Amino acid sequence: MAPLPHTRRSLLGGSLAVPVGLALSGALTGALSTPAFAAAPAFARAGRPNAFWGVQSGEITAHSATVWTRSDRPARMYVETSPSESFRYAVRRHRGPLLGPDTDFTGTTTLRELPPGQQIHYRVVLADPDDPRRTGEPVRGTFRTTPASRRRDVRFLWSGDLAGQGWGINPEIGGYRVFDEMRLRDPDFFLFSGDTIYADGPIQASVPLRDGTLWHNVTTEEKAKVAETLAEYRGNFRYNLLDAGLREFNAHVPVLAQWDDHEVRNNWYPGQILDDPRYTEKDVDTLAARARRAFGEYFPVTDLRGGRAEGRMYRVMRHGPLLDVFVLDMRTYRDPNSPGRQTDDPIGILGTEQLAWIKRELSRSRATWKVIAADMPLGIVVADGATDFEAVAQGDPGAPLGRELQIAELLRHIKHQRITGTLWLTADVHYTAANHYAPERAAFTDFAPFWEFVSGPIGAGAFPAGRMDATFGPETAYVRSAPFANMSPSENPPYYGEVEIDGDGGELTVRLRQQGGGVLFTRTLRPGRVGQ
């Protein structure tokens, strides 16, 4: 995402390594000078281990799930499961890994032999590795396994862009309140559509607002500068977990996370050498490797942890007969940002292997609906400087050029293979919109109509709507955006999207929502169609 960080801030270089277990056991409403914020250690060396950073679940299938936690010291992770919220019967214990400094005291445990389509309650227990009787307070969570039958409705949410442009956790407004609202929607999972952190966006103590008042942020040492070291990238992920509402959300809603640029730095691409004076490490590939490792440590995604050869970000999540979600990685394999006028561009934005993968997996899918989760939009023009472009579109309304060539190939494949029920979900541009693409309006016509729904930011600066590129014939059915650049979350509340699939008829309904404002736009799509 191209918008630059807000700069009207005063610097605070204070440290807030782990202010949890005290001030953060409830909602973030206390003053920034609370002693617990200032004095808590990075991790403890004595006493019982505790999972103050909460729990997360992900990689949910009909019979398995992955549970994540972080300890405040070396510990053995155990996960106990039960169909009963009170854990009165059928309790199973799953032995997890040793949590230590190699993974920043994070770890995951894969739960197996679970019943399909059921609510599973779990609690994470951390034990002293030298004395298993010394255990910390259990931390509880819950999730639903995916259904084996299509009769059960499916509901999930999506959004992206958290703690961007200098807008962090503000205790005076209750922190990231949108996660409380989303949790009450009781979704099956949350698709976190990239920019899950802003590693290149320092968080400072206060930000001036237009009315002369100040926005106050919780601050940490790692968020006082751009992230370069592995420790600083890890600290960016920990920063968001300081919010009690997000931790509560994570305990109730599984996450399906993807990355975009701000997990590393703004508008990055492989092989880039930085001329940004804020960075002492100029090699983006080095930064990206550190960011990828931290991402894999702080989300329940086992593919990104040690021991798996592929380590790739793109993947498919199968959610029963009704839904497959294809998570794209539009960062790792792209060519350099450019004016995008190439007539031949085999690398494009996906790379050759990922393009072959998404074509193959879409053809194999038997799900009623096939959601393509893109971390960048297709037809919205996103600039990178005066001449280059960051996303797919480059503003030329004619035949596909540059990265548009790969998208044209994918859209052609969907049409000619008669792949039904596809739609695109994205975030990145910091406003919400519903865009319909149709060949009768397009310069490139060999594709079937489809929808692209845009949401976000979930907790960052809001921006005006971008212009559209006519190559694939987009028409904006709805848009809501900020009237000027980088409006705060208090001035322009966060956006998120909701997808609901009816288990009886198979209809899919998309709702664009705004925190506190309810439903902004609704569109219902019928199943079994190549184009909508």
Side-chain angles (χ1 to χ4, degrees), residues 1-18 41-43 101-106 161-169 194-207 217-242 259-299 304 306 311 313 329 331-338 375 383-386 388 390 460-461 486:
M1 172 61 192
L4 296 176
H6 195 36
T7 58
R8 297 180 299 153
R9 303 186 294 262
S10 58
L11 176 65
L12 178 77
S15 176
L16 175 62
V18 182
F43 65 93
D102 287 350
T103 61
D104 202 30
F105 304 94
T106 68
D161 310 290
L162 184 61
Q165 290 74 48
W167 310 110
I169 301 169
D195 294 340
T196 58
I197 60 169
Y198 274 70
D200 58 333
I203 295 292
Q204 300 179 15
S206 62
V207 184
N217 285 314
V218 171
T219 59
T220 71
E221 181 178 356
E222 295 89 351
K223 287 296 295 178
K225 63 178 290 292
V226 297
E228 300 179 79
T229 67
L230 176 59
E232 289 166 348
Y233 281 108
R234 287 165 166 172
N236 273 257
F237 286 100
R238 284 200 304 274
Y239 178 83
N240 287 335
L241 294 176
L242 296 176
W259 77 348
D260 191 34
D261 56 337
H262 290 289
E263 283 81 4
V264 180
R265 62 92 63 185
N266 189 49
N267 295 0
W268 74 275
Y269 51 82
Q272 185 180 24
I273 302 299
L274 302 179
D275 60 1
D276 188 333
R278 300 178 302 168
Y279 288 85
T280 57
E281 175 57 72
K282 305 294 186 180
D283 180 21
V284 162
D285 290 350
T286 298
L287 298 175
R290 294 166 181 168
R292 177 184 289 269
R293 177 171 173 178
F295 186 102
E297 290 171 343
Y298 275 86
F299 283 114
L304 302 181
M313 197 74 70
D329 178 359
R331 279 288 149 196
T332 305
Y333 311 100
R334 63 165 54 198
D335 52 15
N337 292 351
S338 74
D375 49 290
D384 180 17
D388 295 342
E390 159 74 350
N486 199 24

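Not measured: the values here are computed from a predicted model. This chain uses plain numbering: 1 for the first residue, then up along the sequence.
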Practice item. First locate atom OH of Tyr239, then atom CD of Glu221, and finally report the distance between them rounded to the nearest 0.5 Å. Key: 14.5 Å

**Study point:** Spacing of Arg234 atom CZ and Thr229 atom OG1 [to the nearest 0.5 Å]
**Key:** 9.0 Å

Review point. Rounded to the nearest 0.5 Å, what separation is found between the CD1 atom of Ile169 and the CG atom of Leu162?
Key: 8.0 Å

Check your understanding: Any donor and acceptor pair, going by atom type alone, linking the side chain of Thr106 with main-chain N or O of Glu297 inside 3.5 Å?
Key -> yes

Check your understanding: CG of Asp276: more than 12 outside heavy atoms within 6.0 angstrom?
Key -> yes

Check your understanding: Mind checking whether Thr196 and Asp260 have side chains closer than 4.5 Å, heavy atoms only?
Key -> no

Exercise for review: Determine, using ring centers only, whether Phe295 and Phe299 are less than 6.0 Å apart.
Suggested key: yes

Review point. Shortest non-hydrogen contact from Ala199 to Val264?
Key: CB-O, 3.7 Å

Review point. Would you find a donor on one side and an acceptor on the other, under 3.5 Å apart, between the side chain of Arg290 and the backbone of Glu228?
Key: yes

Point to revise | Derivation and outcome, side chain to side chain contact (heavy atoms under 4.5 Å, CB included), residues Asp195 and Asp375 | key: CA-CA 8 Å; Asp195 294 340; Asp375 49 290; over 6 Å; no

Exercise for review: Considering non-hydrogen atoms only, spot the tightest contact between Asp261 and Asn267 and give its length.
Suggested key: OD2-N, 2.9 Å

Check your understanding: Should Trp259 and Asp329 count as side-chain neighbours, where that means a heavy-atom distance under 4.5 Å?
Key -> yes

Exercise for review: Using only heavy-atom distances, determine whether the side chains of Asn217 and Trp167 contain a donor-acceptor pair under 3.5 Å.
Suggested key: no

Review point. Just wondering, do Ile273 and Val284 contact through their side chains at under 4.5 Å, heavy atoms?
Key: no

Revision key, fill the gap. Tightest non-hydrogen contact, residues Ala291 and Glu263, listed as CB-O, 3.2 Å

Exercise for review: Verify, without hydrogens or angle tests, whether Gln165 (side chain) and Gly461 (backbone) share a donor-acceptor contact under 3.5 angstrom.
Suggested key: yes

Review point. Within a strict 4.5 Å, meaning less than it, do heavy atoms of the Gln272 and Arg265 side chains meet?
Key: yes

Check your understanding: Cut-off 3.5 Å, side chains only: do Tyr298 and Asp104 have a donor facing an acceptor?
Key -> yes

Point to revise | Side-chain heavy atoms of Asp200 within contact of Tyr279, under 4.5 Å | key: yes

Review point. Can you find a pair of side-chain heavy atoms, one from Asp285 and one from Pro270, that are under 4.5 Å apart?
Key: yes

Check your understanding: Any side-chain heavy atom of Tyr233 sitting closer than 4.5 Å to one from Arg293?
Key -> no

Review point. So, Tyr198 versus Asp161: side-chain donor-acceptor pair below 3.5 Å or not?
Key: yes

Point to revise | Modelled atom types, side-chain donor and acceptor of Thr219 and Gln204, under 3.5 Å | key: no

Check your understanding: Hey, does Asn240 have a side-chain heavy atom less than 4.5 Å from the side chain of Ile197?
Key -> yes

Point to revise | Closest heavy-atom pair and its distance - Gly164, Ala460 | key: N-CB, 3.5 Å

Review point. Between Asn266 (side chain) and His262 (backbone), is there a donor-acceptor pair under 3.5 Å?
Key: no

Practice item. Determine, stepwise, if the pair Glu281 / Leu274 fulfils side chain to side chain contact (heavy atoms under 4.5 Å, CB included). Key: CA-CA 8 Å; Glu281 175 57 72; Leu274 302 179; over 6 Å; no

**Study point:** Under-4.0 Å salt bridge between Glu222 and Lys225
**Key:** no

Check your understanding: If you measure only the distance, is there a donor-acceptor pair under 3.5 Å linking the side chains of Asp384 and Asn337?
Key -> yes

